[in-house]
Amino acid sequence: MTVKIRFFARFRELLGTDIMTEVAPGTMFTPLITSIARNNPAGYAAVFDEKGAFHEFVILMKNGKRVELSDAAKTPVIDGDEIAVFPPVAGG
Amino acid sequence: MTVKIRFFARFRELLGTDIMTEVAPGTMFTPLITSIARNNPAGYAAVFDEKGAFHEFVILMKNGKRVELSDAAKTPVIDGDEIAVFPPVAGG
Amino acid sequence: MIAIQIDDVDIGALIAAAKKHGTGAVVVFDGVVRDDGITEMELEAYEEVAVKELEKIAKEAINQFGLLHVDIIHRIGRLTVGENILIIIVSAGHRPDAYAGSRYIIEEIKKGVPIWKKELTRDGGRWVPGEHGHGKGHG
Amino acid sequence: MIAIQIDDVDIGALIAAAKKHGTGAVVVFDGVVRDDGITEMELEAYEEVAVKELEKIAKEAINQFGLLHVDIIHRIGRLTVGENILIIIVSAGHRPDAYAGSRYIIEEIKKGVPIWKKELTRDGGRWVPGEHGHGKGHG
């Protein structure tokens, strides 16, 4: 099972983007992002707090739809999913 | 003594504009306009009510400055004055 | 640029020129001859006074909203449906001032600048009544 | 026209095209790179999602304010001081709807469209913080 992870803005600078990764069936959103972010301490600290929870300002999406932070630990990813993780928006 | 009278919009169509007229010293604003408007009954009715007073919507100016209707009867005109008489504005 | 004129203007060029140092937002209002079953519109102004009024309104808007640039071009003469009647271009550091300044200018113009419009139809014409019964003091 | 793109647009041409039947007022918002001691600005978008969000905002504005036409062009890439970042063009029968619709669109974009800006200075760069801590729901 392959999923694509897209980080944006500050998160992208620290963690990269368009990351294709193999996941086991039943993998949940939060542990997937955690495992990717672990590769870069500054990137991890940008996305997660000291307790390992998403910072409350982080925005998550799966296939273009918002995933609430409170649902992330129990939201599974499946083959072909596009996961997006980004800081507050600042367009306009 | 010569003054210039400018009517605008509907008043202009009925009464003309840039009317140069000779006035006697001490002539007041209201009788001057009354005498000019008398030449055209529809024009007169557009500017004055049945009692011979300015319709309350009429705007008067002397040399580009507003003259209140209540002051018009006691406002003298002098040589070279430019008098303007117009209906409510509708620009924009 | 504050003007009462027959000719149209190049809005794109005016926007470019409105980007003074510190500009973060430009707001353009373009009032257009609306197709209310008319053939044309004829506009008339008491030009000398109208230009002075527009200049006064621009100055007030600059002071009140900290605008960095103001253009007001009001056209006169015969205009057809879809043509520009009034173009207001304002720039400001931030959008709230740009929107508020633009809106202030159009509302003040409607209230008190000596300009009139006649809608021409196949049957004749009709002077557009002012939005306010009395016009503002011009003195 | 709803787009996230690198290239600038011809605002004059877009205004002309926005004058749909019944238009009496066109309002243009042009967000510009402000000279806050920066050299350039770099903009990044989650494009597929951002375009869908812009389309949704345009549709909501059309419904809510009876707009006759909406263009939203948000630029990405590297922009220098004075360049256009975001151009919103709306047309309506009357000015209150045109102003309100334009303002609605910019405020909604600020709240919830996945676009980010980095201010580049001689010393490096700084991501512009969002105006809202949380972004709106996109789901």
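Letters A, B, ... are given to chains in the order of the sequence lines, protein chains preceding strands, and every chain is numbered from 1. All figures in this text were calculated on a predicted structure; none of them were measured in a lab.
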Is the backbone N or O of A/E82 less than 3.5 Å from a side-chain atom of A/K4, with the two atoms forming a donor-acceptor pair by type?
-> no
Proximal to chain A - members of residues 22-48 of chain D, heavy-atom separation under 4.5 Å | D/E44, D/A45, D/Y46, D/E48
Identify which part of D/I115 has an atom lying under 4.5 Å from any heavy atom of chain A, answering side chain, backbone, both or neither.
-> both
A/R12 versus D/W116: any side-chain heavy-atom pair under 4.5 Å?
-> no
Could you tell me whether the side chain of A/R66 and the main chain of A/M61 form a donor-acceptor pair under 3.5 Å?
-> no
Should the heavy atoms of other residues, nucleotides or ligands under 6.0 Å from CD1 of A/I78 be counted, would the total exceed 12?
-> no
D/K59, NZ: over 12 other non-hydrogen atoms inside 6.0 angstrom | no
Chain D contact residues among residues 34-54 of chain A, heavy-atom distance under 4.5 Å | none
Side-chain touch A/T2/A/D79, heavy atoms, less than 4.5 angstrom = yes
D/R78 side chain reached by D/L120 side chain, heavy atoms, under 4.5 Å = yes
Is the A/F7 ring parallel, tilted or perpendicular to the A/F11 ring (thresholds 30°, 60°)?
-> perpendicular
If you measure from the Lys or Arg side-chain nitrogens to the Asp or Glu carboxylate oxygens, is any gap between D/K52 and D/E55 under 4.0 Å?
-> no
Sub-3.5 Å donor-acceptor pair from the side chain of A/T21 to the main-chain atoms of A/V3, do we have one?
-> no
